[in-house]
Amino acid sequence: MILTRRALLAAGMALPLQAVAQACRITPRQTEGPFFKPRSPERVSLTAGQAAPSLILVGRVLGKDCRPVAHALLDFWHADEAGEYDNSGFRFRGHQFTDADGRYRLETILPGSYPGRTRHIHVKVQARGGPVLTTQLYFPGEPRNARDGLFRGELLVSVEKPGLARFDFVAL
């Protein structure tokens, strides 16, 4: 269901006109891949003291009605700057919960690419008691995007300035 700008404003949700059409579409699902590990630590920073370029990823979790989802679970994991996953520990892995307005903020690094894959961040999103949405986020302008068979343009983060990106999830 796509809500009009008028309906969003009536509900007290002012969104830019260009964001309205995208904000109410369910975020596409993607594979979790072979590197997911359950029971990640709760934390908002995955920097792990790395020298790689830092990245702050912000956004909101919205329901299919475009209303913010408070206390939604987000579980993030990604490769390090060399394209390697930590399969024995929890480097570049962690979960957090959205605030009362459905917002999240993740401090991490720009993940590396590896053979066959472009830069990406894996995410599981779940509203309390709802189904789990598993997906991946991608970065605009990456040369490997066109060659990655999993890449989807609708999962591109919006780079607001160097080191700051945004993505709003719409979960069931």
Side-chain angles (χ1 to χ4, degrees), residues 1-5 7-9 11-33 35-46 54-79 90 92-111 117-142 145 148 150-161 163-172:
M1 172 173 87
I2 296 179
L3 298 178
T4 65
R5 182 171 175 78
L8 288 169
L9 290 171
M13 300 173 62
L15 288 176
L17 186 57
Q18 66 270 21
V20 172
Q22 290 183 346
C24 299
R25 291 194 180 129
I26 301 297
T27 302
R29 295 180 178 281
Q30 288 210 298
T31 178
E32 73 180 24
F35 302 115
F36 174 71
K37 287 179 62 175
R39 295 181 290 284
S40 69
E42 184 174 350
R43 57 186 174 190
V44 297
S45 178
L46 307 181
S54 63
L55 172 69
I56 296 175
L57 177 64
V58 298
R60 296 190 312 166
V61 174
L62 305 170
K64 63 183 178 180
D65 60 359
C66 287
R67 294 184 184 274
V69 178
H71 312 294
L73 170 69
L74 295 112
D75 196 345
F76 297 97
W77 72 102
H78 63 77
F90 288 97
F92 304 114
R93 298 173 186 272
H95 73 271
Q96 61 180 268
F97 296 91
T98 59
D99 68 11
D101 295 318
R103 292 183 302 238
Y104 71 90
R105 182 178 192 276
L106 176 70
E107 298 174 17
T108 190
I109 64 161
L110 189 61
R117 294 303 319 272
T118 191
R119 293 181 199 275
H120 61 283
I121 296 176
H122 296 268
V123 189
K124 286 185 179 280
V125 182
Q126 183 179 27
R128 187 176 294 159
V132 176
L133 166 69
T134 303
T135 195
Q136 299 177 38
L137 301 179
Y138 300 95
F139 298 90
E142 288 294 323
N145 285 350
D148 187 326
L150 295 176
F151 171 80
R152 291 186 68 172
E154 59 266 48
L155 294 172
L156 283 169
V157 299
S158 172
V159 177
E160 298 189 348
K161 64 181 185 179
L164 177 63
R166 168 176 291 282
F167 192 88
D168 292 339
F169 297 93
V170 180
L172 294 173

Notebook entry, point to check: Sub-3.5 Å donor-acceptor pair from the side chain of D101 to the main-chain atoms of R103, do we have one?
Noted result: no
- Does the S40 side chain pair with the main chain of R93, one donor and one acceptor, at a distance under 3.5 Å? no
T27 side chain to V170 backbone, donor-acceptor under 3.5 Å: yes
Heavy-atom side-chain proximity of F169 to L137 below 4.5 angstrom = yes
- Query: Going through the distances and angles, do R43 and Q96 end up as a side chain to side chain contact (heavy atoms under 4.5 Å, CB included)?
  - Reply: CA-CA 6 Å; R43 57 186 174 190; Q96 61 180 268; over 6 Å; no
Parallel, tilted or perpendicular: which describes the rings of W77 and H122, with under 30° parallel and over 60° perpendicular? parallel
Query raised in the report: L106 versus I56: any side-chain heavy-atom pair under 4.5 Å?
Result: no
Do the side-chain N and O atoms of H71 and T98 include a donor-acceptor pair separated by under 3.5 angstrom?
-> no
Main-chain N/O of G59 paired with D168 side-chain donor or acceptor, under 3.5 Å: no
Consider only side-chain N and O atoms of R29 and Q136, and report whether a donor and an acceptor are under 3.5 Å apart. no
Taken in chain and number order and not counting sequence neighbours, the residues that satisfy side-chain contact (heavy atoms from CB on, under 4.5 Å) with L110 are P53, R119, F139
L73 meets the side-chain contact (heavy atoms from CB on, under 4.5 Å) criterion, sequence neighbours left out, with H95, F97, Q126
